[in-house]
Visitor: 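Encoded as structure tokens, here's the structure I'll be asking about.
These numbers were taken from a predicted model, which means no experiment stands behind them. Every chain is numbered from 1, with letters handed out A, B, ... down the list of sequences.
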Amino acid sequence: MHPRDGRRAARRRAFLGLWYRFVISLATVEIFVMRMSQLVGQRLKDAPRDAQTASHIFLIRGGYIRPVSTGIYSLLPLGKRIITKVERIIREEMDRVDGQEVLMPVVLPQELWDESGRSQTVGAELLRFQDRNGKPMLLGMTHEEAVVHLCRSEVTSYKQLPVMLYQLQTKYRDEARPRAGLIRVREFTMKDAYSFHATQENLEAYYERVHAAYERIFRRLGMKQCVSIQSDTGMMGGKVSHEFMAVAECGEDTLFLSPDGRYKANKEVATSGIRFEKQPALALEEVHTPEKKSIDEVATFLGVGPEHTGKAVFFLDADNKLIFACIRGDFEVNETKLRNYLKTKELRFADDERIRAAGAEPGYASVLSVDATQCRIVLDRSFAESSNLVVGANKADYHLKNFNYGRDFTGGEVVDLAAVRPGDPCPVSGLPLEMKRGIEIGNIFQLGTKYSTAMSCNFLDQNGKSQPMIMGCYGIGVGRSMAAVIEQSHDQYGPIWPMSIAPYQVHLVSLNPNQPGVAETAEALYSELRAAGIEVLYDDRGEKAGSAFADADLIGIPLRLIVAAKSLALGKVEFKRRDGGRNSDLLDRADVVAKMQELVAAALTDA
RNA sequence: CGGGGCGUAGCGCAGUCUGGUUAGCGCGAUUGCUUUGGGAGCAAUAGGUCGAGAGUUCGAAUCUCUCCGCCCCGACCA
């Protein structure tokens, strides 16, 4: 090689090194290095008996978190490092959509929640207490009131709008049933963001920007399958909302997805595109059906499919009013849809006395001859648009054949009440809907003026007129996101962290460090990697290979270097990827640092 | 809030039914020696108010009562 080429190559290597170091520094947290002999947080061979899901098991076994009380956890150093990286990504993306970070208190005076009315509407999930003077206080489970309190005095003119404030802050919800480690907890860190707008159009445009920011966040976190779906707005109020769901078996929500991705909805609001066809109506006929109460019993007894029957379901709403819901026998009533339609907070099954009081016979109930003044009748489309159904006769042991809505009964309200079933046609694509489970890791709401009106959060418009600000709110569960990544990215040995949030970038193992050259080489690599800006976890303990590898698998760092006498004799260092099974390569000792820089930078370029 | 289950060392468990020395075992921890490529061997050591309280009894981890905590299913849930 000509000396000039050698100098060029050297300059090129120097430039690349600087470049890698720059890229790596973009995603590097303050603490670069750690010796495993000093690391706090034991790895456990056995998971606690109560841990059942992958994320719960590995977060405990790997020494990332420790339980303190039901649904309340401490983060150990490894867990904290991951969380810090997750938060960093979230901050960057919030800043990119013009968010301004703030920090509001965890402890809030109840009077603020009295203003919004939520101290009345939210139940036991809100933890309330008194301070030493007996003043009612509460622990924030979300911060609409606090942010409105802030914004209504700081922002007063249309010239200041729109504005988005966000925070990463502890939330407390006195959950009835925490479960699955960090998936459902009482105390947790949430990124919550609130935007304020002068017009609905402005909110809607901004909402789309946040939606895109969320997609970037979850992609950068290494979430493999995360979908945004239409959702029920629940107690938050507002009209449009989306939930971001990490698809995972252990998820608490049920999702219906079109295979082509054009339709995604929570089971609570999902609709199907199923069509019903009217047949020529046959004559109504009473049949004796002794002791046949359930749909299955009646259908079997009469030799018809459940889709030729009508089902009657009775509920009592929050005002104790009787609701008579009718649906075709092969469907189930989706209580969330019914509750939303009725605009009631609560639905429970009605008892037989109430049903009889309305003139219906439990097990043989029908809309025919029922006392419509005693109940509200709601009919699913499947019931109203099908023909010749078997329905109850409102007397024990009798049913009616050939019921036809429109001919035999015309009252009631026809709406969509049906719970979607897997395989039902998609309302958009017509393809069979797939049912999946999902973990809700984020949500976004177009809130409107619910809080700004209630709490007088107004601005002066161009005409000097006072208007309530139009709000959006946007949440992400930080710890839950970390857990969801494990659910989607692990093997039988432990988590497989994406580079973007891995606790360290390179796991350096010194195997049999008492053999000649091993400890020296490992120590040298340790400081060289640090100098190259790489986050290294250095296993300097001299454990047996089996223990060292098992721990490394539980810690899940993407890149692993193994310094051992065998390979060192060849001038090599062994290199293994966490996601590469047990395969490994040998690198020339001299190339190791550059190679690690290159791989870390490549993994972070997209993140 | 309803149903079920469990509380014995940091983790996993035995012992409880049928009360009886000093409450055991594995992992983990400490020390020494031997080992060293997928959770090693030998030896020694430390670590427990048997969830708490009351009761029965000569004697309680074990029986009785009360309470507490934890887990699972359901209800509930931005």
Visitor: With the side chain of A:Lys171 defined as its heavy atoms from C-beta on, choose the nearest nucleotide among B:G37, B:A78, B:C11.
Guide: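 When the side chain of A:Lys171 is considered, B:A78 is the closest of B:G37, B:A78, B:C11.
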Visitor: Counting only Watson-Crick or G-U wobble pairs whose two distances fall under 3.5 Å, which nucleotide matches B:U30?
Guide: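 Base-paired to B:A44.
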Visitor: Quick one: label A:Glu252 by what it contacts on the DNA or RNA (base, sugar-phosphate, nothing), any heavy atom closer than 4.0 Å.
Guide: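 A:Glu252: no heavy atom of the nucleic acid under 4.0 Å.
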Visitor: What integer distance in Å separates A:Arg66:CZ from B:C11:P?
Guide: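 Going from A:Arg66 (CZ) to B:C11 (P), I get 9 Å.
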Visitor: Between A:Leu338 and A:Ala325, which heavy-atom pair has the shortest distance, and what is it?
Guide: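 Scanning both residues completely, I find the closest heavy atoms to be CD2-CB, 4.4 Å.
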Visitor: Can you identify which nucleotide, out of B:G37, B:C76, B:G38, has its nearest atom closest to the A:Ala176 side chain?
Guide: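 The answer is B:C76, which lies nearest to the side chain.
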Visitor: Do A:His143 and A:Tyr194 make the cut of ring centroids closer than 6.0 angstrom?
Guide: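 No; A:Tyr194 has its ring centre 6.0 Å or more from that of A:His143.
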Visitor: Using the side-chain heavy atoms of A:Asp551, tell me which of these nucleotides is nearest: B:C77, B:G37, B:G39.
Guide: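 Closest nucleotide to the A:Asp551 side chain: B:G39.
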Visitor: Find the distance A:Asp174:CG to B:C1:C1' and express it as a whole number of Å.
Guide: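 It is 14 Å, rounded to the nearest whole Å.
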Visitor: Is it the case that B:G37 (base atoms only) and A:Glu574 (side chain only) share a donor and an acceptor within less than 3.5 Å, ignoring hydrogens and angles?
Guide: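 Between B:G37 and A:Glu574, which were checked side chain against base, a qualifying N/O pair under 3.5 Å is present.
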Visitor: Relative to A:Phe445, does A:Lys450 satisfy both conditions: NZ or CZ under 6.0 angstrom from the six-membered ring centre, and within 45 degrees of the ring's axis?
Guide: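 So A:Lys450 doesn't make the cation-pi contact.
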Visitor: Looking at the side chain of A:Asn443, which of B:G38, B:U36, B:A78 is the nearest nucleotide?
Guide: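 For the A:Asn443 side chain, the nearest candidate turns out to be B:A78.
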Visitor: Think A:Arg421 forms a cation-pi with A:Phe331, using NZ or CZ under 6.0 Å from the six-ring centre and within 45 degrees of its axis?
Guide: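 A:Arg421 over A:Phe331 ring: yes.
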Visitor: In whole Å, what is the span from the CE atom of A:Met190 to the P atom of B:C77?
Guide: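 So the CE-P distance, A:Met190 to B:C77, works out to 16 Å.
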Visitor: Rounded to whole angstrom, note down the P distance from B:G41 over to B:G26.
Guide: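 Result for the P pair: 11 Å, nearest Å.
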Visitor: Under a 3.5 Å limit for both distances, which nucleotide forms a Watson-Crick or G-U wobble pair with B:G55, could you say?
Guide: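 Pairing partner, where one exists within any strand: B:C63.
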Visitor: Pair A:Ser481, A:Ile476 - check side-chain contact (heavy atoms from CB on, under 4.5 Å), show working.
Guide: CA-CA 8 Å; A:Ser481 293; A:Ile476 292 178; 3.8 Å; yes
Visitor: Between B:C11 atom P and A:Ile65 atom CD1, what is the distance in whole Å?
Guide: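 These atoms are roughly 14 Å apart.
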Visitor: Base, sugar-phosphate alone, or nothing: which one does A:Ala47 contact when heavy atoms must sit under 4.0 Å apart?
Guide: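 If one applies the 4.0 Å heavy-atom cut-off, A:Ala47 turns out to touch the sugar-phosphate alone, with no base involved.
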Visitor: Go through B:U36, B:C72, B:A78 for me and flag the one nearest to the A:Arg179 side chain.
Guide: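 Among B:U36, B:C72, B:A78, the one nearest the side chain of A:Arg179 is B:C72.
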Visitor: When both hydrogen-bonding distances must be under 3.5 Å and the geometry is Watson-Crick or G-U wobble, what is B:G38 paired with, if anything?
Guide: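 No nucleotide pairs with B:G38.
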Visitor: Can you measure A:Asn266 atom CG to B:A78 atom C1' for me and round it to whole angstrom units?
Guide: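 To the nearest whole Å, that distance equals 13 Å.
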Visitor: Using the side-chain heavy atoms of A:Thr70, tell me which of these nucleotides is nearest: B:A78, B:G37, B:C71.
Guide: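 Taking heavy atoms from C-beta onward, the closest nucleotide is B:C71.
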Visitor: P atom, B:A9 versus B:G15: distance in rounded Å?
Guide: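 Comparing P positions in B:A9 and B:G15 gives a spacing of 15 Å.
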Visitor: My understanding is that a pair needs two contacts under 3.5 Å, Watson-Crick or G-U wobble. By that rule, which nucleotide pairs with B:C17?
Guide: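 Matched B:C17 with nothing under the 3.5 Å cut-off.
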Visitor: Among B:C77, B:G28, B:A78, which is the nearest nucleotide to the side chain of A:Arg184?
Guide: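 Closest of the options to the side chain of A:Arg184: B:C77.
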Visitor: Could you give the distance separating B:A52 and B:U45 at their C1' atoms, to the nearest angstrom?
Guide: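 Pairwise C1' distance, B:U45 against B:A52, rounds to 32 Å.
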Visitor: Expressed in angstrom and rounded to an integer, what is the separation of A:Arg578 atom CZ from B:G38 atom P?
Guide: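 Whole-Å distance recorded here is 16 Å.
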Visitor: Need to verify one output field. Residue with the more 5' nearest nucleotide on RNA chain B, A:Gln42 or A:Gly475?
Guide: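 Its nucleotide being nearer the 5' end, the pick is A:Gln42.
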Visitor: Would you say B:G38 has OP1 or OP2 under 4.0 Å from some side-chain N or O of A:Ser547?
Guide: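 No.
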Visitor: Can you check the distance between B:G2 and B:G47, where both ends of the measurement are the P atom (answer in whole Å)?
Guide: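 One P to the other, the span is 43 Å.
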Visitor: Out of B:G38, B:C72, B:C77, which nucleotide sits closest to the side chain of A:Asp553?
Guide: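 Closest nucleotide to the A:Asp553 side chain: B:G38.
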Visitor: Considering only the P atoms, how many Å lie between B:C17 and B:G7, rounded to the nearest integer?
Guide: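 B:C17 and B:G7 have their P atoms separated by 14 Å.
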Visitor: Mind calculating the distance between CG (A:Leu44) and C1' (B:C11) to the nearest angstrom?
Guide: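 These atoms are roughly 6 Å apart.
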Visitor: Given salt bridge (Lys or Arg N to Asp or Glu O under 4.0 Å), test A:Asp539 with A:Arg541 step by step and report yes or no.
Guide: CA-CA 6 Å; A:Asp539 188 348; A:Arg541 300 171 302 168; 2.9 Å; yes
Visitor: Only pairs with both distances under 3.5 Å count, Watson-Crick or wobble alike; so what is the partner of B:C25 in this structure?
Guide: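 Matched B:C25 with B:G12 under the 3.5 Å cut-off.
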Visitor: Does any donor-acceptor pair link the side chain of A:Lys45 with the base of B:G10 at a separation under 3.5 Å?
Guide: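 Donor-acceptor pair under 3.5 Å: no.
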Visitor: Taking any heavy-atom pair under 4.0 Å as a contact, classify A:Leu126: base, sugar-phosphate, or nothing.
Guide: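 Answer is nothing: A:Leu126 stays at 4.0 Å or more from every strand.
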Visitor: Return the nearest nucleotide to the side chain of A:Ala564; candidates are B:G39, B:A78, B:G37.
Guide: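 Nearest listed nucleotide: B:G37.
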Visitor: So, is the end of the A:Arg81 side chain (NZ or CZ) under 6.0 Å from the ring centre of A:Tyr504 and within 45° of the ring's axis?
Guide: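 Flagged: A:Arg81 positioned over aromatic ring of A:Tyr504.
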Visitor: Quantified in whole Å, what is the P atom distance between nucleotide B:G19 and nucleotide B:G4?
Guide: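 To the nearest whole Å, 27 Å.
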Visitor: A:Pro178 near the nucleic acid: base, sugar-phosphate alone, or nothing, with a heavy-atom cut-off under 4.0 Å?
Guide: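 If one applies the 4.0 Å heavy-atom cut-off, A:Pro178 turns out to touch the sugar-phosphate alone, with no base involved.
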Visitor: Before accepting this row, confirm whether a basic side-chain N of the pair A:Arg173/A:Glu125 lies closer than 4.0 Å to the acidic partner's carboxylate O.
Guide: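 Answer for the salt bridge query: no.
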Visitor: Can you tell me the Watson-Crick or wobble partner of B:G7, both distances under 3.5 angstrom?
Guide: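 The base-pairing partner of B:G7, which may sit in any strand shown, is B:C68.
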Visitor: Which value, in whole Å, describes the distance between the C1' atoms of nucleotides B:U30 and B:C67?
Guide: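 My reading of the C1' atoms in B:U30 and B:C67 gives 39 Å.
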Visitor: Any strand is fair game: report the nucleotide pairing with B:C76 by Watson-Crick or G-U wobble, both distances under 3.5 Å, or none.
Guide: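 When the pairing criteria are applied, nothing turns out to pair with B:C76, so the answer is none.
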Visitor: Classify A:Arg177 by what it touches in the nucleic acid, base, sugar-phosphate, or nothing, heavy-atom distance under 4.0 Å.
Guide: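 Here A:Arg177 touches the bases of the nucleic acid.
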Visitor: What's the closest nucleotide to the A:Asp46 side chain, out of B:A75, B:G12, B:A78?
Guide: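 Shortest atom-to-atom distance from the side chain points to B:G12.
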Visitor: Could you tell me how far B:G39 sits from B:A29 if I compare only their C1' atoms? Round to whole Å.
Guide: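 16 Å, rounded to whole Å.
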Visitor: Do A:Phe218 and A:Phe244 have their ring centres less than 6.0 Å from each other?
Guide: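 When the ring centroids of A:Phe218 and A:Phe244 are compared, they turn out to be within the sub-6.0 Å range.
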Visitor: Heavy-atom nearest nucleotide on RNA chain B for A:Leu511 versus A:His56: which residue maps closer to 5'?
Guide: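 Checking each residue's closest nucleotide, the 5'-ward one belongs to A:Leu511.
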Visitor: Output the rounded distance in Å from CG (A:Asn583) to C1' (B:G37).
Guide: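 Answer to the nearest Å: 15 Å.
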